[in-house]
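Input: a single structure, listed below in structure tokens.
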Amino acid sequence: MKALKGSWAILLAIFFALVYLIPLNGRLLWQPDETRYAEISREMLQRGDWVVPNLLGLRYFEKPVAGYWFNNISQWLFGDSNFAVRFGSVFSTGMTALLVFALAMLMWRNARRASLAVLIFLSMVLVFSIGTYSVLDPMIALWLTAAMVSYYLTLKATTTKGKLGGYVLLGLACGMGFMTKGFLALAVPVIAVIPIVIQQRRIKDLLIYGPVAIVVAVLLSLPWALAIAQREPDFWNYFFWVEHIQRFAEDNAQHKAPFWYYIPILFAGVLPWAALLPGALIKGWRERISRPELFFLLSWVVMPLIFFSIAKGKLPTYILPCMAPLALLIAAYAEDYAALLRSKAFKVNALLNGLFGLICVLALLIIGAGLLPKVHLFSAREWPKIVIGIIAFAGWLAFAVVSVRDNARHWRWAAACPLLLCLLIGYAIPQQVIDSKQPQSFMRANITALSDSRYVLTDSAGVAAGLAWELKRSDVLMFSEKGEVGYGLDYPDARSHFISDEDFPQWLAQARKQGDVSLVLQLSRGDHVPKNLPAADKIVEMNRLALVWYQQQP
């Protein structure tokens with residue numbers, strides 16, 4: 001047993017390093033998300049202010065503060081690097097994986113099954129794509145997972161002390177979740193446990209001990225909640241009404257999508273285990289009475305999924321908290337299925353993975369051969385990137401073949417399908433995508449002009465955050481468009497951070513007396529620098545980014 005645990009621990013550690021750690025510096029930061037979170041934490045560290053989030057020196061109240069703390073600590077430990085920017089997400093994903101293992105051990109007392117659940121979780125497309133990307137969703141997924149594990153402890157507790165301890169842990173997890181992404185962290189666990197409470201007749205326990213969790217969550221979050229209310233009285237008004245009510249229910253919510261939006265996202269997100277998903281869900285329902293732990297996991301998946309489907313605004317990242325219970329359900333289904341000496345589901349899973357890898361390889365070959373004249377994803381000189389992409393997806397295909405060998409007895413090898421993709425994807429991104437979505441490349445190519453400029457402006461908040469991060473300055477100004485920093489720009493003390501189209505010529509005349517001026521524009525596809533701008537001393541265009549540079553004038 002010890003040898004089994006040791007071999008699984010080594011395997012999982014190697015997998016985690018290859019998929020989650022090594023690739024972090026292999027790709028540039030994406031805008032707007034990664035540049036935004038990188039810069040917010042850099043500014044918090046620079047100011048020594050861990051209470052009020054700022055972006056570009058402006059108030060930025062879209063999220064509470066705990067998620068930024070993860071990124072602050074990461075940058076404090078690892079410096080100003082892309083690795084540091086993403087490590088907070090990776091750390092959160094790793095901690096969630098440990099909670100998956102712990103919960104599996106509580107449910108089944110089987111180290112092999114618990115380790116398999118972790119491997120399935122870490123190899124899911126949605127988990128590793130978001131878990132190596134600098135957003136707050138891996139942090140909230142960690143706290144929601146911790147909340148559900150804590151509630152499971154209360155269900156298994158046989159003493160008052162044990163139940164109290166579980167509810168205290170539940171309160172701590174909900175409190176940290178609240179300080180990471182707001183009231184969502186309080187709503188989702190409640191919604192997830194309602195069917196469980198009804199099925200197991202735990203309403204009395206919830207009424208007796210539930211207030212303990214509420215008090216603990218309040219006590220944990222109250223110091224920061226009061227501190228930011230004192231510093232910025234409008235924070236809670238903006239955060240509650242705009243970031244919660246409008247995003248969830250109003251017709252003008254961001255990222256609107258239909259109710260069924262998450263169904264295809266769920267199937268794609270669990271790759272390379274998609275064929276096992278239906279069986280795992282059906283098993284959870286059929287055995288809900290005889291195996292209540294499966295119903296616990298099923299409720300944890302389905303109820304939040306319904307909740308997020310009802311919301312008007314939708315993004316794939318929102319359902320990341322559903323991946324941990326899905327990994328546990330799939331692990332239970334797969335092991336029980338294999339124990340019955342069945343292989344059909346594993347063969348179908350291998351077929352789906354093989355088709356996915358093959359289709360992606362063929363698509364890259366067709367694009368590389370120029371058989372789609374209207375598709376200009378790669379330039380003629382970027383054929384090495386096409387080759388790297390083919391190798392990455394050929395790896396997916398190869399491991400699919402390995403997983404189906406010997407009557408699918410090696411089905412666990414499906415976990416390795418994304419391995420080469422994770423390691424190589426950063427080197428296969430087309431240059432036109434880099435120039436529009438990864439602005440670090442453009443900025444480094446023009447670093448001298450940008451660094452020497454007294455003023456730097458841009459019409460994109462994501463590009464502005466990237467400029468501030470790359471140049472280590474928070475005084476990047478917004479030109480023409482306010483974007484997501486519009487709320488911060490509306491404060492009287494921030495009006496000078498925005499220059500409108502109409503005011504730009506007059507503002508520029510005054511600014512050039514103090515030094516060089518750099519204007520970075522994000523262009524629409526196929527567009528060029530507008531003709532109505534004042535004549536520039538230099539213009540540099542790289543696909544969808546352009547630098548309009550004005551030299552100092554006496």
Side-chain angles (χ1 to χ4, degrees), residues 33 62-63 93 96 100 120-121 124-131 133 135-145 147-148 151 174 177-178 180-199 239-271 273-286 288 294-330 333:
D33 293 327
E62 287 203 0
K63 299 293 183 294
T93 304
T96 304
V100 168
I120 290 172
F121 173 72
M124 287 177 170
V125 165
L126 194 68
V127 174
F128 68 69
S129 58
I130 301 173
Y133 184 72
V135 284
L136 301 184
D137 297 274
M139 288 84 159
I140 190 62
L142 166 61
W143 298 123
L144 293 178
T145 303
M148 294 303 293
Y151 185 68
C174 288
F178 170 74
T180 300
K181 215 167 182 181
F183 298 97
L184 175 76
L186 307 179
V188 171
V190 172
I191 292 168
V193 304
I194 286 174
I196 302 164
V197 170
I198 295 172
Q199 187 216 36
F239 182 67
F240 179 76
W241 288 107
V242 176
E243 292 301 312
H244 283 78
I245 303 302
Q246 288 185 15
R247 283 203 175 190
F248 184 85
E250 293 194 4
D251 290 335
N252 62 348
Q254 293 180 336
H255 315 298
K256 290 179 66 176
F259 180 84
W260 50 263
Y261 172 82
Y262 285 118
I263 295 175
I265 297 295
L266 194 67
F267 274 89
V270 299
L271 279 171
W273 310 101
L276 306 185
L277 177 62
L281 294 174
I282 293 170
K283 180 183 179 67
W285 177 250
R286 286 180 176 173
R288 64 189 182 280
L294 296 184
F295 183 76
F296 177 93
L297 297 171
L298 187 65
S299 180
W300 182 0
V301 173
V302 173
M303 294 304 290
L305 196 63
I306 293 173
F307 173 77
F308 289 120
S309 296
I310 292 172
K312 294 288 181 67
K314 298 178 179 68
L315 283 175
T317 56
Y318 293 171
I319 63 168
L320 182 61
C322 298
M323 296 297 108
L326 274 177
L328 288 157
L329 279 170
I330 291 173
Y333 168 73

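Positions are given from 1, in the same order as the sequence printed here.
- Residues Thr180 and Lys63 fail the side-chain proximity criterion, which asks for heavy atoms closer than 4.5 Å.
- Taking each heavy atom of Leu298 and Gly284 in turn, the nearest pair found is CD2-C, 3.8 Å.
- A donor-acceptor contact shorter than 3.5 Å links the side chain of Tyr262 to the backbone of Leu315.
- The minimum heavy-atom distance linking Ile191 with Pro304 is given by the pair CG2-N, 4.5 Å.
- Met148 places a side-chain heavy atom less than 4.5 Å from the side chain of Val193.
- The two residues Tyr318 and Pro321 make their nearest non-hydrogen contact at O-CD, 3.2 Å.
- Between Phe183 and Phe240, the ring centre distance stays below 6.0 Å.
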Begin from the C-alpha positions of Lys181 and Asp137 and carry the test side chain to side chain contact (heavy atoms under 4.5 Å, CB included) through to its verdict. CA-CA 8 Å; Lys181 215 167 182 181; Asp137 297 274; 2.6 Å; yes

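- Gly131 and Thr93 make their closest contact through CA-OG1, 3.3 Å (heavy atoms, listed as atom of the first residue, atom of the second, distance).
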Can Trp273 and Leu326 be said to form a side chain to side chain contact (heavy atoms under 4.5 Å, CB included), step by step? CA-CA 10 Å; Trp273 310 101; Leu326 274 177; over 6 Å; no

What do the steps show when you test Tyr151 against Val197 for side chain to side chain contact (heavy atoms under 4.5 Å, CB included), and what is the final call? CA-CA 10 Å; Tyr151 185 68; Val197 170; 3.1 Å; yes

Side chain to side chain contact (heavy atoms under 4.5 Å, CB included) between Phe308 and Val188, worked out: CA-CA 9 Å; Phe308 289 120; Val188 171; 4.0 Å; yes

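- The two residues Ala274 and Phe267 come nearest to each other via the heavy atoms CB-O, 3.7 Å.
- Going from atom CD1 of Ile319 over to atom OH of Tyr261 covers 8.5 Å, rounded to the nearest 0.5 Å.
- Between the side chain of Ser299 and the main chain of Phe296, no donor-acceptor pair closer than 3.5 Å is present.
- Rounding to the nearest 0.5 Å gives a distance of 12.0 Å between CZ of Arg286 and CG of Leu281.
- Heavy atoms only, all atoms of each residue included: Ala141 and Thr145 are closest at O-OG1, 2.7 Å.
- Here the side chains of Ile330 and Met124 are in contact, with some heavy-atom distance below 4.5 Å.
- In terms of modelled atom types and a separation under 3.5 Å, the side chain of Lys314 and the main chain of Ser309 share a donor-acceptor contact.
- Expressed to the nearest 0.5 Å, how far CD of Glu62 lies from CZ of Phe239 amounts to 9.5 Å.
- Atom-to-atom distance recorded for Ile130:CD1 and Thr317:OG1 is 5.5 Å, nearest 0.5 angstrom.
- Rounding to the nearest 0.5 angstrom, the gap separating the CG atom in Leu294 from the CH2 atom in Trp285 is 13.0 Å.
- Leu276 contributes atom CG, which lies 12.5 Å from atom NZ of Lys283 (distance to the nearest 0.5 angstrom).
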